[in-house]
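To start, the structure itself, in structure tokens.
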Amino acid sequence: MEVKEKAKIVITVASLVAVTVLFVTEYRRRRRHRRKQTSSLSSCYLHSEVRPQFGFKRVLADNSYSEFKHLKLDDASSSTEKASNCHHPYESEITVLLENTKIEFGFLRGECSLKMSDSYVWVEMESQLKKLAEVLAKEKVFAVDTEQHSLRSFLGFTALVQISTHEEDFLVDTIALHDAMSILRPVFSDPNICKVFHGADNDVLWLQRDFHIYVVNMFDTAKACEVLSKPQRSLAYLLEAVCGVATNKLLQREDWRQRPLSKEMVQYARTDAHYLLYIADALTAELKQLATDSSSPDDTFHFLLEASRRSNMTCLQLYTKEIEDFPGSAAASSIIYRHLNGHGDTSTIALNAEELVRKICAWRDLMARIHDESMRYVLPDQAVVALACKQPTTTEEIYGTIAHTDLATESSPSLSSSVQSPYPVICSHLDDIYHMILNKLAKLDDILPVVLKKCLGTNGTCPISVFNYSLLLNFKTKLSSHSAPKQNGHKNFKQFTRKASRELFVKKFSCKAPVYHNCRIYANDGRLLCYCDKRKLEWYLNRGLAKLVEEDPPAIMLLFEPKGRPEDEGNDFYIQTKRNICVGCGEGKHYLRYRIIPSCYRVHFPEHLKSHRSHDIVLLCVDCHEVAHAAAERYKKQIATEFGIPLFVRRVIDSKEAQGTSSLTEDESMVNSEDAGVSPLHLRSAAMALLRHGNRMPSSRREELLQIVKMYYGGRDISEDDLERALLIGLSPHERRRRERKQGVSLKHSAEVARLDKQENGKKDENNDGEGPADSEKIMNVERSTVADDSGDGGTSEGDGAAELNDAQCNGNTLHQQNSKLSLLGHGPHGKQIVEYLLREYGEDGVRDFCQRWRKVFVDAVHPRHLPGGWNVSHSGRRDFGEFSVYNPTKRLSTE
Ligand code: AMP
Ligand code: MN
Ligand code: ZN
């Protein structure tokens with residue numbers, strides 16, 4: 001044997017040993033680690049790994065088995081479209097381009113610079129992205145390329161978008177800006193702006209998948225090559241042939257998630273987009289030339305148009321998620337076919353191996369979805385084959401088998417990026433493999449529910465994320481379409497989706513940053529006046545009313561003498577440091593804001609009494625929040641009885657129809673006409689039943705339901721339109737909007753909605769984020785709230801971006817009782833009427849008393865152990881600073 005070969009063998013054996021040792025050590029380490037812990041909560045590697053995509057707030061294509069939903073435009077024509085799964089939102093715009101023979105090719109600007117300067121723009125902030133959108137909106141043409149990451153992601157995600165104009169190269173950090181990318185939607189779908197790509201098939205789909213960005217009007221230089229019958233169509237070839245530029249295409253396989261990008265990667269990324277305008281220019285010139293060379297004058301532009309037509313055909317593609325008959329079945333079949341001679345061999349051994357391949361592939365599919373990893377990162381095909389054939393039975397043997405295939409295949413992830421552990425999913429969840437091989441997880445159908453429950457169920461081993469959450473929700477339907485699920489499975493299922501709900505709820509709604517900044521304000525004699533947030537400090541600093549005396553945490557000294565001191569009145573609340581913990585139990589990991597005085601009353605307080613926010617908004621963990629909220633709901637009912645002002649609208653009658661019979665105003669007809677009308681809930685369910693099943697139900701039942709609806713409309717005959725209108729009665733504006741979104745009824749009844757909105761007595765529009773919430777959010781019946789508080793002046797709102805729940809979310813306990821009847825009712829005019837009554841009868845003291853009652857309710861329910869010192873039930877309610885504060889410098893000046 002030659003020395004060289006001997007050396008080769010030695011190296012191979014040595015590395016095999018090394019990898020096996022690595023595996024086994026890692027496994028032992030984990031096992032030790034796990035034994036120490038009583039729960040298996042931290043056994044999954046994801047608990048200690050930060051993944052960039054877990055920072056995404058909204059994911060359009062999650063890892064569930066449900067179909068991808070395309071953008072649905074709000075115009076009338078598409079609102080009638082039932083599902084948007086298979087409809088291109090810009091189909092008509094693109095069709096126009098395909099048929100139009102007079103397209104302008106805006107990128108033909110005569111001269112195009114080849115030079116790539118040293119500078120480029122790195123876009124990573126929303127403000128920068130907005131500026132970019134403005135720049136692009138003014139262009140006639142720009143070039144685009146994208147890079148995506150696929151190894152550590154189930155579906156892959158766009159990690160970078162490169163955009164070049166004639167003047168500048170922009171690199172858009174689409175990881176940092178993932179949730180803001182819709183800002184670029186309009187320029188991409190603008191048919192008057194041409195987007196130049198090279199080989200756009202993937203880019204077009206990735207942009208749809210990640211950002212709902214649809215390209216309308218494209219020139220694909222690869223298509224131009226096709227039409228020109230160029231010998232090669234790669235970008236590398238064009239760069240070389242047209243621009244004389246060399247590029248290293250190996251860089252396309254780099255990990256594009258890394259930040260900052262290496263110099264080489266920046267150069268590569270820019271190169272992919274920068275020269276495209278120049279290349280497009282050159283190729284269109286060739287296409288035109290080809291046209292003039294050809295015999296018939298009618299053919300002018302023929303080639304150019306053909307290239308353009310083929311490009312825009314690419315835009316018509318729609319992204320879809322691959323949906324299999326059974327999870328992993330396609331991969332399993334392919335593996336069996338390629339590696340197990342899966343045709344004909346019916347020996348028990350062969351059948352056994354096949355069965356194991358199917359199990360492992362199903363398991364791998366689910367694992368990849370749960371952990372948001374690619375299949376190849378979970379377990380490469382080669383390893384599936386090896387496990388199925390060797391069927392190792394000890395954990396060490398399992399590792400050895402995988403490690404062995406690992407060496408055989410070069411492109412496996414563990415060798416290229418295995419600083420920590422090779423195949424962490426396997427390491428974390430080795431038991432499953434073990435059980436599958438030992439045939440303890442006997443049936444294929446059983447594997448998925450068992451594994452899903454183990455990973456994401458109550459005390460599940462793996463973290464819940466926006467990617468895997470809806471797996472829980474869709475899973476049942478996915479499976480039941482293949483096999484009849486067992487009854488007891490369902491009950492547990494409910495339980496563990498509930499737990500998952502809570503976890504995601506905490507994640508979504510708890511405050512992302514500390515609420516209290518604990519900045520300090522000193523008087524000019526050095527005495528501490530109060531603790532407050534940064535904004536308040538800035539308010540004084542910007543007006544030259546204070547100077548900064550300390551940096552971290554910041555403190556300012558007022559340059560004027562405030563009128564009175566907090567401690568003068570024995571109120572030291574405002575000089576307490578407020579801690580970022582739940583005031584109920586002290587939980588510090590998550591908390592959300594809780595309003596002690598329910599918004600339905602507080603919004604109707606006179607402006608100057610609304611102000612003691614920092615006192616009456618406290619931090620609570622989700623559990624204490626639930627307790628407090630439930631107590632508040634109970635107390636509202638008590639208030640309703642006590643004041644004789646019902647919490648919910650009891651009976652409604654249509655104001656127009658009622659006009660003939662009574663002289664009530666709209667408001668009155670909503671509440672007071674006890675004997676006329678119908679309860680909103682009754683009305684809506686009757687109308688819904690009639691709309692859905694009207695022509696199928698027994699006529700007696702139909703008549704019964706019709707009577708209910710007629711009661712609302714004053715007894716007249718009912719049209720289908722009336723029924724639809726009835727569906728919105730008694731809903732809060734927020735609920736109505738949600739219902740409209742769900743049903744796509746919109747323009748038809750907008751007048752009605754506007755009328756109802758007006759009736760809502762100035763109730764605040766607290767939920768308007770412009771877009772419908774992501775699916776998972778919809779299912780949980782929660783939406784992101786923006787703090788709808790009026791804190792215009794140097795005000796008292798503490799901490800931006802802090803979370804709280806608004807009334808609509810709280811109604812009916814959003815956590816668990818989705819679509820409960822309670823949540824459908826809304827509070828109507830109750831809050832307003834109570835506050836008006838208090839003011840009328842007792843003046844402002846009535847409101848102050850009322851607040852004290854609510855504080856007592858809160859204390860009795862939660863027994864808070866961590867309220868800041870100085871907090872008390874009988875707090876005077878005077879605002880500390882701000883417009884109505886006695887300390888307000890402007891007020892002080894004006895009253896003196
Ligand atoms: P490009 O525009 O050619 O740089 O490719 C865009 C993206 O496609 C890259 O960021 C990769 O994610 C992916 N890609 C293209 N070709 C390959 C390849 N041969 N191997 C792996 N990934 C590729
Ligand atoms: Mn590229
Ligand atoms: Zn896990």
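In this chain, residues are counted from 1 in sequence order. Counting starts at 1 for both ligands and their atoms, following the listed order.
- Polar contact check, W206 against ligand 1: no nitrogen or oxygen pair lies under 3.5 Å apart.
- Side-chain contact between K321 and R209: absent, with no pair of heavy atoms (C-beta onward) separated by less than 4.5 Å.
- Every heavy atom of F197 sits 4.0 Å or more from the atoms of ligand 1.
- Those atoms of ligand 1 with a heavy atom of Y268 less than 4.0 angstrom away are 1 (P), 3 (O), 4 (O).
- The distance from ligand 1 to the heavy atoms of D145 drops below 4.0 Å at these ligand atoms: 2 (O).
- With Y319 as reference, F68 is the one residue of Y214, W206, F211, F68 to meet the ring-ring contact (aromatic ring centres under 6.0 Å, His included) rule.
- When non-hydrogen atoms are compared, ligand 1 lies under 4.0 Å from the side chain of R253 (C-beta onward) but not from its backbone.
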Open item on the list: Would Y65 and D365 count as a side-chain hydrogen bond (donor to acceptor under 3.5 Å, both in side chains) here? Give the steps.
Closed with: CA-CA 11 Å; Y65 294 96; D365 181 274; 2.8 Å; yes
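- Taking a cut-off of under 4.0 Å to the non-hydrogen atoms of T146, the atoms of ligand 1 that pass are 2 (O), 6 (C).
- Residue pairs meeting the ring pair (Phe, Tyr, Trp, His ring centres under 6.0 Å) criterion with at least one member in residues 243-268, sequence neighbours excluded: W256-Y268.
- In this structure, L160 does not count as a contact residue of ligand 1, since none of its heavy atoms falls inside 4.0 Å of the ligand.
- Between the CG atom in L287 and the NZ atom in K223 there is a gap of 14.0 Å [rounded to 0.5 Å].
- R270 meets the side-chain hydrogen bond (donor to acceptor under 3.5 Å, both in side chains) test with D169; sequence neighbours excluded.
- Taking atom 12 (O) of ligand 1 as the reference point, the nearest protein heavy-atom neighbour is Q148 O, 2.8 Å.
- Which parts of ligand 1 touch D272 is read off a 4.0 Å heavy-atom cut-off, strictly below it: atoms 1 (P), 2 (O), 4 (O).
- Taking the Mn ion (ligand 2) as reference, the nearest N/O/S atom within D145 carries the name OD2.
- Rounded to the nearest 0.5 angstrom, T165 OG1 and E139 CD are separated by 5.0 Å.
- Only the side chain of K249 comes within 4.0 Å of ligand 1, counting heavy atoms alone; its backbone N, CA, C and O stay farther away.
- No donor-acceptor pair under 3.5 Å is formed between the side chain of R358 and the backbone N or O of A332.
- The atoms of ligand 1 that sit less than 4.0 Å from any heavy atom of E147 are 1 (P), 2 (O), 4 (O), 5 (O), 6 (C), 7 (C), 9 (C), 10 (O).
- Within ligand 1, counting atoms from 1 as listed, the ones closer than 4.0 Å to a heavy atom of W256 are 10 (O).
- The residue from Q252, H198, E254 that puts a heavy atom closest to atom 15 (C) of ligand 1 is Q252.
- By the 30° and 60° cut-offs, the orientation of the rings of F157 relative to F56 is perpendicular.
- Between D62 and S470, the side chains place a donor N or O and an acceptor N or O closer than 3.5 Å (distance only, hydrogens not considered).
- Contacts between L251 and ligand 1 below 4.0 angstrom, taking non-hydrogen atoms only, are absent altogether.
- Rounded to 10°, the angle formed at the Mn ion (ligand 2) by OE2 of E147 and OD2 of D272 is 120°.
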